[in-house]
Amino acid sequence: MAQDEVTEVTTQSLGSNLGSSIKGALFGFVLILGAFVLLWWNEGRTVEHYKTLREGLAQVVEAQTERIDPAMEKKLIHVAGKLLVNGTLTDADFGITTQAVRLKRTVSMYQWVESKSEETNKQLGGSTEKVTTYRYAKEWSEQAHPSKTFKNPQGHDNPAAFLYAGREYSATDVQLGTRRLSEGLIQQLSNFARLEVTPATKLPAPLQSKAKLHDGGFFIGQDPQNPAIGDLKVSFQTVNPESVSVIAKQRGNTFEPFTTYNGPQFSDHVISSEPSLTCEEWI
């Protein structure tokens, strides 16, 4: 039976400990100095961002959802309403088709997962003993855990790669009234909701003998109640058409980022499920 735990013991002499302490002190000093620089830089960015928002607020104008005013071309506008998606999104690997703004496939694999813990004990004479314990457990994970990198790979073999990986799909024609959302705005919409797979879903031929309906998604393996290493669970989520509030530059019948007079770019922004949000509340 494969070991689920392996322990490694290393001893460090007093002289090595003193050297490590000196190095640690120098490294700590560098970290403190770096922290001050980072804090100063971050404060500057915060002030710059605030100025950009205030400048944008001073220039933004309210626009109608169902009418595009040519006089507002290249101006920063605020528009709100219900999204409309033209067309459907399809995950051909699993026969999933839905009318949504975004479709996400999540895949997790049953794998060996390695965890590590360390404990340091002081010994007589000033030396230290470090005990490192590596533990192995079978878990579902969306991330691949290459067994060749394990401290003890023997008996903990994982597949080299996922048979099916996670994927995302985005609609290309999403409208807010008479305007089309830019790709950047579509990617900002992240209010994902679970999409339940039904028995009516027609799996492609290669998967019909492998995949089973399980817990609102698919299970690829023999027995979902007794999974084996390499088995997969596949689930789906969608961002559905919803009411949104957008602040961006009008460009024809779409949107694009807006650059303030001071230089910083006021990126296009979408606020999901807040159609009544005023510009002042948004800032």
Side-chain angles (χ1 to χ4, degrees), residues 1-50 104-168 187 190 192 194 214-215 217 219-235 237:
M1 182 176 178
Q3 281 189 321
D4 290 329
E5 183 177 299
V6 62
T7 300
E8 181 181 65
V9 180
T10 57
T11 302
Q12 194 170 26
S13 67
L14 175 61
S16 297
N17 285 334
L18 288 174
S20 297
S21 297
I22 294 172
K23 291 178 182 178
L26 291 174
F27 183 66
F29 175 76
V30 172
L31 281 179
I32 292 173
L33 182 62
F36 276 113
V37 173
L38 182 62
L39 180 62
W40 173 81
W41 177 78
N42 191 55
E43 287 292 333
R45 280 177 55 87
T46 301
V47 171
E48 183 179 274
H49 181 64
Y50 177 76
K104 178 165 66 174
R105 178 214 298 172
T106 301
V107 183
S108 57
M109 181 165 64
Y110 200 59
Q111 311 170 63
W112 284 106
V113 177
E114 179 186 74
S115 60
K116 184 175 89 170
S117 62
E118 294 180 343
E119 181 181 351
T120 301
N121 303 310
K122 292 184 178 181
Q123 305 294 308
L124 292 175
S127 63
T128 57
E129 180 185 76
K130 184 169 74 171
V131 180
T132 306
T133 303
Y134 300 86
R135 295 182 177 86
Y136 302 89
K138 297 176 183 179
E139 300 177 10
W140 288 102
S141 177
E142 297 175 21
Q143 176 186 350
H145 294 264
S147 48
K148 65 180 181 180
T149 64
F150 289 170
K151 185 66 178 180
N152 179 27
Q154 187 176 1
H156 303 120
D157 296 323
N158 285 330
F162 280 59
L163 182 62
Y164 292 93
R167 290 196 62 180
E168 290 193 20
Q187 291 303 313
S190 57
F192 282 97
R194 184 177 177 85
H214 176 68
D215 194 25
F219 174 83
I220 301 178
Q222 292 298 317
D223 183 2
Q225 304 304 324
N226 186 29
I229 296 298
D231 286 353
L232 301 176
K233 288 197 300 187
V234 185
S235 61
Q237 293 177 297

More than 12 heavy atoms of other groups within 6.0 Å of E168 CD:
yes
Salt bridge (charged side-chain N to carboxylate O under 4.0 Å, His left out) assessment of K116 paired with E118:
CA-CA 7 Å; K116 184 175 89 170; E118 294 180 343; 3.7 Å; yes
Looking at every non-hydrogen atom in both residues, tell me the closest pair between [X] and [Y] and how far apart they are.
X	Y	answer
P153	S147	CB-O, 3.2 Å
H145	F150	O-CZ, 4.0 Å
K138	W112	CE-CZ2, 3.4 Å
G230	P159	CA-CG, 3.7 Å

Would you call the rings of Y110 and W140 parallel, tilted or perpendicular if under 30° counts as parallel and over 60° as perpendicular?
tilted
Within a strict 4.5 Å, meaning less than it, do heavy atoms of the D4 and H156 side chains meet?
yes
So do the side chains of M109 and V107 get within less than 4.5 Å of each other, counting heavy atoms only?
no
Would the distance check show the side chain of N158 and the main-chain N or O of Q111 forming a donor-acceptor pair, the cut-off being under 3.5 Å?
no
When you measure from the side chain of R105 to the backbone N and O of A165, does any donor-acceptor pair fall under 3.5 Å?
yes
Using the side chain to side chain contact (heavy atoms under 4.5 Å, CB included) rule, take V131 and E129 through it: C-alpha gap first, then chi angles, then the decisive distance, then the call.
CA-CA 6 Å; V131 180; E129 180 185 76; 4.0 Å; yes
Please check if any side-chain donor atom of S235 sits under 3.5 Å from a side-chain acceptor atom of R194, or the reverse.
no
Could you go through Y136 and K151, starting from their C-alpha distance and side-chain angles, then the distance that decides it, and tell me whether this counts as side chain to side chain contact (heavy atoms under 4.5 Å, CB included)?
CA-CA 10 Å; Y136 302 89; K151 185 66 178 180; 3.6 Å; yes
Stepwise side chain to side chain contact (heavy atoms under 4.5 Å, CB included) test for L232 and Y164:
CA-CA 8 Å; L232 301 176; Y164 292 93; 4.3 Å; yes
Nearest 0.5 Å, please: how far is OG in S190 from CD in Q237?
10.5 Å
Quick one: CG on N152 to CD on E114, what's the gap to the nearest 0.5 Å?
8.5 Å
Taking side-chain contact (heavy atoms from CB on, under 4.5 Å) as the test, write out the residues that go with K148, two or more places apart.
P146
